[in-house]
Amino acid sequence: MPFYSEELREEVRSANDIVDVISGYVRLQKRGGSYVGLCPFHNEKTGSFHVSQSKQLYHCFGCGAGGDVFGFLMEYENFTFREAMEQLADRVGMTLPKQELSEQEKRQSDYRSLLLEVNREAGKYYYLLLRDARGAHALEYFRERQLSDATMKKFGLGYADKYSDDLYRYLRSKGYHDQLLKDSGLVMIDEKRGAHDKFWNRAMFPIMNVHNKIIGFGGRVMGEGEPKYLNSPETQIFDKSRNLYGLQLARQSRRPQLLLCEGYMDVIALHQAGFDNAVASLGTAFTSGHASLLKRYAKEVYLTFDSDGAGVKAALRAIPILKEAGLTAKVVHMEPYKDPDEFIKGLGAQAYQERIDQAENSFMFEIRILEQNYNMSDPQGKTAFYQEAARKLLGFSEELERNNYIEAVAAQYRIGFENLRRLVAQVGAQTGLVKKPEPLKSGVRKKELQREDGVKKSQKLLLTWLGEEPSLYPLIREYITPEDFPDALCRQAATALFAQLDAGTLHLAQIPGHFESLDDQREIVSAFHETIREVTTRAERGQALKDTILKLKEHHLQILRDDHDPNGMQERFSQMLHEKKMLEALRRKEFLPQMPDGSQ
């Protein structure tokens, strides 16, 4: 656990409003008492990521991620607590006292440093091999791709030898042990084959984070073999969904936008041609995490994907993610070439700059691709296209922006502004301007978060109630104690919450920090975000609160009855009598709490 005092942690937490901090990573919209956006920790189309300003907590109802402002940076940036504390303090101009690392933080920091060290050694070895006789065919491959020596050096390109344990033997000679090499993702160890390299006989592309540290590798096979491209697995220092190839260079560019490519060679070719603002995702689908990362360095993203069907589909998937993150997206066309690398070889940098200048508005690109699904020479097909275009235009909630796009589409397809505007209004009246939220795909949430029994739900309901409305505590404290919470985590959370309420202070964001495990912290945040059933009268509200407490009390009594251990039997019997009397009093009790809006 962190070595900083609770008072100092609270001072830093209080100075950094969680909504302001997370807004730098996720596009949030005010909805009721929360701010909602697309979760940066899993792919989703409907926002289930909630940030509460009153609780100073975030919680995703889709994947279960949750915590305070420190937890967010630790999960998103892969920071240690110390690193999160330092960044947040620096953000508000606070100076932290210099302290020694805790033992746990030392172990975590040291191990991460070792993993980075192993990757650096591997990168150096690959780099030297490319320039050795053993790497001659890989060097020839890069030169055939028209890469200069300076470009190869700039990107640290290398070669993994044809022997499948070459890197393993080299790193072992440097003193690194098997478990560390396995955790680095560079070596695989199994009973059948023993220790063998992840990469062999491949041209190597080091992957760096924004601090210029090697966190992983990509490798292209030399000659025949599958897969053609292979990437490092995810490790403690490498998360594909939160890193972009070339970003350590592109973030320093003075160009006003970032160019988003599909592959390593596209990025390298563009940088060599002077477009030092190019990046690419790391062999995985473009995610909201990637979009949040891009947003830190630019407001506009130009998609320079392949011109084939797969590239078009990738662009169509990326556009709404970029839009949701608050980024402006445009599409650069590569025809008649497949990708930026081929385009620049064929027509040169100046022609590519012209394509950037002529980049297509992303919505108009979507409409143009949509048109290809319809027979525009057939009246029925043309009508169906206009109707579908009208549905897409309804995605613009702001009337002025929607009218601007109606005007652009009408001009492009010669339908007439008023005709298209009326069609949009007609479709909107039929479907509603606001789309119903799409249900989350099955499998997104952990199984243990999907189905919870009534008692577990009651525990979470009561914690949520008290966290949101501490005025309820005086009504119930004589009937309920932390011991009535059968789940160990909820009981610990209740103990901390009740202590705060007894002291007359409420700092919910402090409570997850009492738990070391990230999974435990998420579970506690989830416990403070249970959905409370809406009621219309004080009597209904009081009955709902009473039912929740009764369920916990009855369960606690049943646990005492089921305990047949002869030790402590007399004490348990006395406790059972006390619980029965409490239950009888509780059943006679009428709760009439205030409504949340203060009404009677």
Side-chain angles (χ1 to χ4, degrees), residues 2 25 40-42 65 67 70-87 101-127 155-158 160 167-168 170-172 174-189 195 197-199 202 204-219 229-251 264 279-284 287 289-290 292-294 296 516-519:
Y25 298 85
F41 304 119
H42 80 281
F70 297 116
F72 179 83
L73 288 183
M74 290 167 71
E75 191 164 8
Y76 189 93
E77 299 279 13
N78 204 17
F79 281 169
T80 62
F81 180 84
R82 178 188 179 91
E83 290 169 336
M85 185 83 167
E86 289 173 348
Q87 175 150 318
L101 289 171
S102 69
E103 287 304 313
Q104 181 183 356
E105 285 189 316
K106 280 181 182 177
R107 287 194 297 271
Q108 290 176 339
S109 178
D110 289 347
Y111 205 69
R112 284 164 55 88
S113 296
L114 280 173
L115 290 171
L116 289 169
E117 188 179 303
V118 167
N119 276 278
R120 185 178 69 246
E121 283 293 339
K124 286 165 56 179
Y125 188 63
Y126 292 147
Y127 183 88
F155 284 89
L157 302 183
L167 180 69
Y168 171 71
Y170 172 77
L171 293 175
R172 284 289 295 178
K174 293 289 184 178
Y176 299 113
H177 58 79
D178 281 3
Q179 188 59 51
L180 178 66
L181 297 181
K182 185 178 180 182
D183 290 344
S184 74
L186 291 167
V187 171
M188 296 178 288
I189 302 175
D197 297 344
K198 174 76 172 177
F199 303 97
R202 289 179 180 270
M204 298 300 292
F205 302 81
I207 300 166
M208 299 185 186
N209 62 17
V210 292
H211 306 297
N212 289 298
K213 305 287 187 182
I214 299 177
I215 55 176
F217 293 88
Y229 279 95
L230 183 66
N231 289 317
S232 290
E234 297 204 345
T235 67
Q236 288 187 30
I237 59 173
F238 181 46
D239 184 338
K240 295 177 186 178
S241 67
R242 294 185 222 165
N243 286 283
L244 290 161
Y245 184 70
L247 185 60
Q248 81 280 4
L249 300 170
R251 73 190 184 100
Y264 302 128
V279 299
S281 57
L282 299 163
T284 185
T287 68
H290 291 137
S292 298
L293 193 57
L294 291 170
R296 295 190 220 172
E516 292 190 12
S517 162
L518 180 59
D519 286 339

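Contact detail for V279 and A250: the closest heavy-atom pair is CG1-CB, 3.5 Å. Smallest separation of non-hydrogen atoms from F238 and P233: CD2-O, 3.3 Å. A pairwise comparison of heavy atoms in M74 and A84 identifies CG-CB, 4.0 Å as the closest pair.
Summarising the geometry, atom NE2 belonging to H290 is positioned 8.5 Å from atom CG belonging to L294; distances are rounded to the nearest 0.5 Å. In this structure, CG in L186 is found 7.0 Å from CG in L171, a value given to the nearest 0.5 Å. The distance from the CE atom of M204 to the OH atom of Y125 is 12.5 Å, given to the nearest 0.5 Å. The CD1 atom of I207 lies 10.5 Å from the CG atom of L244; values are rounded to the nearest 0.5 Å. Residue K213 holds its NZ atom at 7.0 Å from CZ of R120, rounded to the nearest 0.5 Å. Between atom OH of residue Y170 and atom OH of residue Y126 there is a gap of 11.5 Å, rounded to the nearest 0.5 Å.
Within 6.0 Å of the NZ atom in K240, the count of heavy atoms belonging to other residues, nucleotides or ligands exceeds 12.
Considering I214, L181, L180 in turn, L180 is the only one that fulfils the side-chain contact (heavy atoms from CB on, under 4.5 Å) rule with L115. Tested against I215 for a side-chain contact (heavy atoms from CB on, under 4.5 Å), the candidates L282, N243, N119 yield a single pass: N243.
Aromatic ring centres of F199 and F205 lie farther apart than the 6.0 Å criterion allows.
Residues Y127 and P206 form no side-chain contact, since every pair of their non-hydrogen atoms from C-beta on lies 4.5 Å or further apart. By the 4.5 Å heavy-atom criterion applied to side chains, L249 and F155 are counted as neighbours. Taking 4.5 Å as the limit, every side-chain heavy atom of M208 sits out of range of all side-chain heavy atoms of L247.
Without hydrogens or angle criteria, Y76 side chain to G289 main chain gives a donor-acceptor distance under 3.5 Å. A distance-only check finds a donor-acceptor pair linking the side chain of S232 to the backbone of F217 [under 3.5 Å]. Without hydrogens or angle criteria, T287 side chain to S241 main chain gives a donor-acceptor distance under 3.5 Å.
Under the 3.5 Å distance criterion, with hydrogens and angles disregarded, a donor-acceptor pair is assigned to the side chains of Y264 and N231.
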